[in-house]
Amino acid sequence: MVNQIIAEIFQEIGEYLDMQDVPFKPRAYEKASETIASLSFDLGDVYKKGGIKALEEIPGIGVSTGEKIEEYLKTGKIKFYEELKKKTPVDLTNLRRVGGLGPKKIKALYKKLNIKNLEELENAAKAGKIKSLEGFGAKSEENVLKGIEFLKRSKGRFLYGYLSSEIKNIENNLKKIKGVTRLDIVGSIRRRKETIGDVDILIESKNSAPIMDFFTSMDNVLQILAKGETKSAVLLKSGIQVDLRVVDKKSYGAALSYFTGSKDHNVALRKVAIGYGMKLNEYGLYKILDNGEEKYIAGETEEDIYSNLGMQYISPELRENRGEIELARAKKLPKLINYGDLKGDLQVQTNWTDGDASIEEMANAAIKYGLEYIAITDHTKRLAMTNGLNEKRILEQTKEIDKLNKKLEKEGVNFKILKSTECDILEDGSLDMPDEILKQLDIVSISVHSLFNLSEKEQTERIKKAMNNPYVNIFFHPTGRRLGKRDPYAVSIPEIIKYAKEKGIVLEINSQPERLDLNDEYIKMCVESGVKMSIDSDAHSVSHFPYLDLGIGLARRGWAKKEDIINTLPVGEMLKSLKRS
DNA sequence: GCCGTTTTCGGCCCGACTGTTTTCAGTCG
């Protein structure tokens, strides 16, 4: 898929133009970049089928960006971009990941100190050269160092949600090769970890040579790290490493278990085997005979291995050695929520604020995805940058929703659009919408978008005050983190969970790849405290509903059952469950 | 550079916060 590469280039073009104070164009390139990054189809295919005309039909792509996509597809380069880069040869991709640095500051650092990359930035900051620059000071220098430190901590981890289409593509192509009888994506992806370090692929085949040849010569390979008979590894242009293992049928289950991990889970599992006088490795489960010989007992499937160890099957999401081995041996594992269990989505944005599509388009996309209801949760006026709704517009929106629901009913479609809001929590914990409006909505949800640097005590009190409003039902993305970009604000989630229990407030599991908030550990805390959760896509585009799977994966990692999640219920029961006593 | 229309030019979310300044540029969402 060329999408990610082109999206990245457009993003950088936008930033280069920003440096030059060019008006409006930066936003246009940025918008094009975002659109391309979230497409579910390949730009190369679009171009092949319909040429440049078809490209221009994609919203946000026009004559100029269309031509540049064509140029990239034909030549692998975009001249305009190459020239910008020559003029200001800085590592924008990495420098802009440092919080507080935007195009203008990066330009100043380059012009005045010739800083081109993170290393030079760090050296300059450590040498105290930044604080004396015009427009910078001691605080900026300190923040630069902090930003670099943050980057180092999150280095090498990727967000699965943003790589899934590229991985899916590799998977589909490998499956087409003759002799590939089974394929699984294993490792942290199979365990549904929120960030992944690399991609591990396991294949069952008797003939690995053509597989390895194909794998190492894919278009998106930057560098071949290893190529052998059973194992190959490549670095993709997108920066992630992919490992491939090929095994035979007899060992497939054992290899699946071994390469899925986690390491800690595997160690614990092997200890159980030893206790039974057995040995477990990636080729199978073996009984050690009196004469010292090893007799193969199981290995074709994971189920065989677990049952021969006297255990229930353990879902990949639970394999972190956090107590799952003991429960599986006692046959007491919880029955986790399943993929496909969600009946609705309680956070959906539309083009009334910062979403891409109309209410009707989002509803149709949700219907197509298999949902029975969605809640429309556009931002409120405090979030001016999203064109947040004021009292007048939100009332207009409820009328529009009534109209659409009537239409759906008339057409005999079993689908309901709920009136809702993502109401901003203001400075003092009051809400950005008066009670007389809130009480007219089906669901009231709240979230924090400002004052991220309050003390833990202040932030927690602020949120609790908001939760105390009698009309509030759900607290969205409770920690506010953006993976790889921003740490959570200081807040005591255990205290919020306790208060949510007391007040009957639902906490959200936000499924956006860079949010995934609550995380698995807090989800587990909610499950244990009996606090209900909702799993929402926070969709801003018709293509975002599949993110719900990320949220379900996370919920499973947090040991959540179907009954812990309110939007597994049909719409009537779900709404009833929200009623506060 | 894109979009939409009162169609082929004129408009393009805007307010808060930070850290620098001493009135505001840059960044963020």
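Quantities reported herein were computed from a predicted structural model and do not represent experimental measurements. The figures that follow rest on heavy atoms only: side chains count, while hydrogens, waters and symmetry mates do not. Here is how names work: the chains are called A, B, and so on, in the same order as the sequence lines, proteins then strands, and each is numbered from 1.
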> Got a sec, which residues hit salt bridge (Lys or Arg N to Asp or Glu O under 4.0 Å) with A:Arg393, two or more places apart in sequence or on another chain?
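Per chain and number, A:Arg393 pairs via salt bridge (Lys or Arg N to Asp or Glu O under 4.0 Å) with no residue.
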
> Between B:dA16, B:dG1, B:dT20, which one does the side chain of A:Glu427 approach most closely?
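It is B:dA16.
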
> With sugar-phosphate meaning primed atoms plus P, OP1 and OP2, does A:Ala32 contact a base, only sugar-phosphate, or nothing at under 4.0 Å between heavy atoms?
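A:Ala32: no heavy atom of the nucleic acid under 4.0 Å.
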
> Among A:Asn473, A:Thr398, A:Ile443, A:Leu346, exactly one meets side chain to side chain contact (heavy atoms under 4.5 Å, CB included) together with A:Ser420. Which residue is that?
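Only one of A:Asn473, A:Thr398, A:Ile443, A:Leu346 forms a side chain to side chain contact (heavy atoms under 4.5 Å, CB included) with A:Ser420, namely A:Ile443.
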
> Can you tell me if A:Phe24 is stacked onto the base of B:dC12, using a 5.5 Å centroid cut-off and an angle below 30°?
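Aromatic stack with B:dC12 present for A:Phe24.
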
> Applying ring-ring contact (aromatic ring centres under 6.0 Å, His included), name anything that partners A:His449, two or more places apart in sequence or on another chain.
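For A:His449 the ring-ring contact (aromatic ring centres under 6.0 Å, His included) partners, ignoring immediate neighbours, are A:His379, A:His477.
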
> Between atom NZ in A:Lys25 and atom P in B:dG1, what is the gap in whole Å?
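Checked: the NZ to P distance equals 4 Å.
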
> Sequence neighbours excluded, which residues qualify as salt bridge (Lys or Arg N to Asp or Glu O under 4.0 Å) partners of A:Asp219?
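For A:Asp219 there are no salt bridge (Lys or Arg N to Asp or Glu O under 4.0 Å) partners, ignoring immediate neighbours.
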
> Pairing check on B:dT8: which nucleotide meets the Watson-Crick or G-U wobble criteria with it, both distances under 3.5 Å?
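Answer to the pairing question: none, since B:dT8 forms no Watson-Crick or G-U pair.
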
> Which residues within residues 65-95 of chain A lie with some heavy atom under 4.0 Å of an atom in DNA chain B?
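Heavy-atom contacts with DNA chain B come from A:Thr65, A:Lys68.
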
> Does a nitrogen or oxygen in the side chain of A:Asn143 sit under 4.0 Å from OP1 or OP2 of B:dG19?
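A:Asn143 to B:dG19 OP1/OP2: side-chain N or O found under 4.0 Å.
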
> In chain order, what residues pass the salt bridge (Lys or Arg N to Asp or Glu O under 4.0 Å) check against A:Lys464, with sequence neighbours excluded?
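Once residues adjacent in sequence are excluded, the partners of A:Lys464 under the salt bridge (Lys or Arg N to Asp or Glu O under 4.0 Å) criterion are A:Glu461, A:Glu495.
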
> Quick one: A:Glu34 CD to B:dC2 P, roughly how many Å, whole number?
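To the nearest whole Å, that distance equals 15 Å.
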
> Tell me the interatomic distance from A:Glu30, atom CD, to B:dC12, atom C1', rounded to whole angstroms.
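Distance, rounded to whole Å: 13 Å.
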
> Show your working on salt bridge (Lys or Arg N to Asp or Glu O under 4.0 Å) between A:Asp432 and A:Arg382 and close with a plain yes or no.
CA-CA 6 Å; A:Asp432 192 23; A:Arg382 163 65 179 68; over 6 Å; no

> Write down the protein N/O and nucleotide N/O pairs, taken from nucleotides 26-29 of chain B, whose separation is under 3.5 Å; answer none if there are no such pairs.
| unit_1 | atom_1 | unit_2 | atom_2 | d |
| --- | --- | --- | --- | --- |
| B:dT27 | OP1 | A:Gly102 | N | 2.6 |
| B:dT27 | OP1 | A:Gly102 | O | 3.0 |
| B:dT27 | OP1 | A:Lys105 | N | 3.0 |
| B:dT27 | OP2 | A:Lys104 | N | 3.4 |
| B:dC28 | OP1 | A:Gly100 | N | 3.1 |
| B:dG29 | OP1 | A:Arg486 | NH1 | 3.0 |

> Under the salt bridge (Lys or Arg N to Asp or Glu O under 4.0 Å) rule, collect the residues that match up with A:Glu521, sequence neighbours excluded.
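In terms of salt bridge (Lys or Arg N to Asp or Glu O under 4.0 Å), with neighbours along the sequence ignored, A:Glu521 is linked to A:Arg322.
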
> For A:Glu122, check side chain to side chain donor-acceptor pair (under 3.5 Å) against everything at least two apart and list the hits.
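Checked A:Glu122 against side chain to side chain donor-acceptor pair (under 3.5 Å); matches are A:Lys126, A:Lys152.
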
> A:Leu17 CG to B:dC2 C1': how many Å, rounded?
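In whole Å, B:dC2 C1' and A:Leu17 CG are 14 Å from each other.
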
> Under the ring-ring contact (aromatic ring centres under 6.0 Å, His included) rule, collect the residues that match up with A:Phe10, sequence neighbours excluded.
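Only A:Tyr29 meet the ring-ring contact (aromatic ring centres under 6.0 Å, His included) criterion with A:Phe10.
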
